*Asks:* 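Below is a structure I'd like to ask you about.
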Amino acid sequence: MSNRTSVGGWLVGKTKTVRKGGVTPASAHNTRSNTPQVQSTSTTVFGGGVKDASGRTTEFFSMDDQCPVCRSDRYLNPKLRLLVSSCYHKMCESCIDRLFTLGPAPCPICQKVLRKLAFTPQTFEDLTVEKEVAVRRRIAKEFNKRREDFPDLRSYNDYLEEVEDITFNLINEVNIPETEARIEAYRRENAALIELNVRRDEQYSQELKQQEEQERLEREQRAQEARRLEELEREEKEKGRREIIDRLETSTKDAAEIIAKSRAEATKRAASRAAATTTFKSSAQLLRSRAAQSTTIPDVPHVPLQDDWYAYGDMYARLDHYDDMYSEAVRQDQEGIMKAGGYKVEEAWERALRSAVTALFLPPLSDPENSLTSATFLQPKNDVVPT
Amino acid sequence: MDAVERANAEKQKRWVKDQKVGEGTYAVVYRGREAATGRRVAIKKIKIGQFKDGLDMSAIREVKYLRELHHQNVIGLLDVFSSKTNLNLVLEFLDSDLEMIIKDRSLVFLPADIKSWMAMTIRGLEFCHRNFILHRDLKPNNLLVASDGQLKIADFGLARDFADPGYKMTSQVITRWYRPPELLFGCRYYSSAVDIWSVGCIFAELMLRTPYLPGETDMDQLRTIFRALGTPTEEEWPGYTKLPDYIPVGQFPKTPLRDLFTAASGDALNLLSRCLIYEPRRRITAIEALHHPYFTGLPYPTHPSKLPRPASRASRPLEEVDGNVDMVDSGPGVKAVASNRLKRKLSSPMDGVRPLARRLDFTQHKGS
C-alpha cells in the first residue's frame, strides 16, 4: 500500500487526483481499505485523465505496477507512480524526471519525442480505453453540432457517422495526416457554429447549477419550517401542562372540570395554528402561477422622478462657502467627527436657500376649511412652477 | 364652546371608530371609516394621560412631519382631532406591511417585485429627504402596503428635520438591525445617509428573505456588520475611530457580496454595495439611487397591483403602533418588559422566533 501524501514539486496544477486503492495512514482507521483517497495534485496538459462528477481525477493504481523503463516495481518502491505519455506508454515519475528534465526527448519505447508536461495520470487499467477517452473528448470539443443545426435527420446521421469515422481513425492511427486535415477543414468551416454551441453548453450547465442550488435552498427552508413548527407545538404543549397545574393549584373548582376545559382550549389553539400555517406549495408551482397571472396590466419602465420638484433648482445657486456663524462649529471640527458621521453643512445651507425660494409662486391660502391640506406648502403645485 | 372646540367637534363627527385592531405603549389603533363616504381609515388614539410631561415626543413628531408630507409612498395623515384627553390621528388604512410579506413563505418574489418595492421605498424616502426630513426608523415593519400594492413609509415617531450646524442629534435611533455603523459608534452629527443604510439592509432582506444583519446587542451589531462587510479601514472611512463611542470590535476580512447574494444581478449588487458604504458621505443618496441603472434596466419593476400580497386575514394589526420608541422616556426594566409583551401580542405569529428584534436597546448606552 502506498503512503504517498504528496507528489514532488514538478507536477503541480489544479486538478485534484484520487488514486485508486491508496490509503493514507491518517485516515486509514475510518475508511475502507480500497476507498480512493485524494493523493496529490497534478497538472494535465493532454487529455488530463478522466474527471468524475466532482471534477477530480481518479488515478489507476495497482500492486503489480512496474515501470517498463527502469523495471522498478511497487515492491521495491512503494511510492512508485506511473504516468502515461501522449504516445500511451507508462513510465514512473523518476524516469520521467531523468529523461525529460533537460527538454523534449524521445520516448524510450516508441521513440516519439515527448515533453515532461505531457504526462498524465492513468485512470483506466487498459491504456487503449485511456486513449479512446482522450480522443473522444478532443473530438467532442469541436464536433459539437446538435440535431437542430441540421435540416433533416439524414444529414445529422451522416455527420455523426463522419465524426465516428474520424474518431476511429485517430484511435487506431489510421491515416492520421488525412484525418487531421479533415478536422482542420471542419474547424475552419464551422468556427462560428462551434463557438455558439460551446456557449450554449456553458449556459445550460450554469442554469442546471442554479436550479440545483435553488432546489437545495428550498429543501432547507422546508426542513427549517418543519423544525420550527415542531418546536412551537412542543412549547405549546408544555405551556398547556403548566397552565393546568397552575389552575389546579389556585382554583377551587372540580379538578376534572378544569382539566377538560384546558384540554378543549388546547385543541382549539392547535386547530387555529394549523389553519394559520399555510400549506406549502413548491416554489416552482408558485412561480408558474405568478407567470400565469394576468398580463393585462403591463409593467412600466422606471421613471426616476415623477414630479417637477427640482424645477426650482435654477432659482438659486449655492456657494461653496458662507460666512455663517452656525457652521463655524463644522469648520472647527478638527477631529473630523462630523465628517466621519456624514454630516454635511452644505445640506443645512441648501435647506436655508430652498426654504427661501420654495412656494414663492404659490397663491395665498384662500380656503380655511382645508387648513390641514393647505399645510402642504412644501409640495410644488404643477400649475405654478416657474418655467 | 369656542370656535376651536366647535371645529374639533365637527372633525370628530367626520370619522367613525370601529373595532380596536392593535395597541402600542403610547397609542391604540382602531379601524375606522369616514362617516360620509365609508372610506376605510385607521384611527390612532394617543393616550395623553399616561405621560406626566405632556404629549409623547413621538406623537408630536408624527403629527409634525406627516402633516407636511404628502406623497404616494408616504402614509397619509388625513385628519387630527382631540377627544376628551386623547389626541386622534386619522391615517390611511393599510392592510399589510413588508415584514409580513417577507415572512410569508407561501409567497415567491421575482427580481422585478423586489425592484418595484425598492423603487417605491426610495421614492418615498427621497421625498422625505428633499423636504429635509430624516425618517430614522426604516425597516420592513414600517413599510406598509396598501390594497393596491403601493408601498408607503409609515411611523414617523422618530423622524426629525436635518439639524442646523452645531446642533446635536441623538444616536439612539433606528431599530438595531437597520442601524448604520456611524450611529452605533455614537455619532451625534449625521445626515440622510443613515436612512440609506437602512434601505440597503431592507434591500438585502428582500433578496435573502431573512434579516441581513441581525445583531443581538449593539456591540454584536457592529460585529455582525463587520463580519458581513469587512472591518473598515481608515482609508475607507476616514476618522471613524474618533467617533464618540468608538470601540474596536476586531478585524474581519471583506467577502464579496456575490458569495451571499448568488442570484442577484450585477446592477442590484452594485446598488446594494453603494447603500452599504461605510463612509456616510460617500453612501449613495436617495436621488442618486433613483437614477441607478438597477431601476432603469430590465426587467421593469412589477406594477404595484401585481405584487405578491399575503393571504388576507380577518383583522391585521397595524404594525405601525408597535411602539418601539416608547422606551425613550420610561425607565428600563418593568416598562420595557411590559411593552415587549404587548408587541408580541400584536405582531405576526412568527415574531416569537426573534424576540430581541424589534426593540431599540436604550439601556446599553445609558452612561453616554
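Chain identifiers are assigned alphabetically (A, B, ...) following the order of the sequence lines, protein sequences preceding nucleic acid strands; residue numbering begins at 1 within each chain. This one's a predicted model, so the numbers in the text were calculated from it and none came from an experiment.
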*Asks:* Check each atom of B/I287 against the heavy atoms of chain A and say whether the ones under 4.5 Å are side chain, backbone, both or neither.
*Replies:* side chain
*Asks:* Hey, is the main chain of B/L290 close enough, under 3.5 Å, to the side chain of A/H302 for a donor-acceptor pair?
*Replies:* yes
*Asks:* Measure the spacing between OG1 of B/T210 and CD of A/Q224 and express it to the nearest 0.5 Å.
*Replies:* 8.0 Å
*Asks:* Sequence neighbours left out, what passes side chain to side chain contact (heavy atoms under 4.5 Å, CB included) with A/Q211? Give chain and number order.
*Replies:* A/E215
*Asks:* Got more than 12 heavy atoms from elsewhere within 6.0 Å of CD, A/Q203?
*Replies:* no
*Asks:* Does A/R318 CZ have over 12 foreign heavy atoms under 6.0 Å away?
*Replies:* yes
*Asks:* Could you tell me whether a side-chain N or O of A/R351 sits under 3.5 Å from a main-chain N or O of B/F162, the two making a donor and an acceptor?
*Replies:* yes
*Asks:* Evaluate whether atom CD of A/Q206 has more than 12 neighbouring non-hydrogen atoms of other residues, nucleotides or ligands under 6.0 angstrom away.
*Replies:* no
*Asks:* Select one option (side chain, backbone, both, neither) describing which atoms of A/Q306 are under 4.5 Å from chain B's heavy atoms.
*Replies:* side chain
*Asks:* Taking the side chain as every heavy atom from C-beta outward, state whether B/S191 and A/Y343 have any pair of such atoms under 4.5 Å apart.
*Replies:* no
*Asks:* For A/E238, does the CD atom have more than 12 heavy-atom neighbours from other residues, nucleotides or ligands under 6.0 Å away?
*Replies:* yes
*Asks:* Measure distances from A/Q221 to the heavy atoms of chain B and classify the residue's part below 4.5 Å as side chain, backbone, both or neither.
*Replies:* side chain
*Asks:* Count the heavy atoms belonging to other residues, nucleotides or ligands that lie under 6.0 Å from OH of B/Y246, then report whether that count exceeds 12.
*Replies:* yes
*Asks:* Begin with the C-alpha distance, continue with both residues' side-chain angles, and end with the deciding distance and a verdict on side-chain contact (heavy atoms from CB on, under 4.5 Å) for A/Q210 and B/T262.
*Replies:* CA-CA 9 Å; A/Q210 265 174 11; B/T262 43; over 6 Å; no
*Asks:* Side chain, backbone, both or neither: which part of A/L217 has an atom under 4.5 Å from a heavy atom of chain B?
*Replies:* neither
*Asks:* Minimum heavy-atom separation for B/R281 to A/G342, with atom names?
*Replies:* CG-CA, 3.7 Å
*Asks:* Could you note down all residue pairs passing salt bridge (charged side-chain N to carboxylate O under 4.0 Å, His left out) where residues 117-129 of chain B supplies at least one of them, sequence neighbours left out?
*Replies:* B/E126-B/R130
*Asks:* Between B/A193, B/P299, B/P301, which has the largest tally of heavy atom pairs under 4.5 Å with chain A?
*Replies:* B/P301
*Asks:* If you compare all heavy atoms of B/W237 against all heavy atoms of A/A340, which two are closest, and at what distance to 0.1 Å?
*Replies:* NE1-O, 2.8 Å
*Asks:* Which heavy atom of B/C187 sits nearest a heavy atom of A/G341, and at what distance?
*Replies:* SG-CA, 3.3 Å
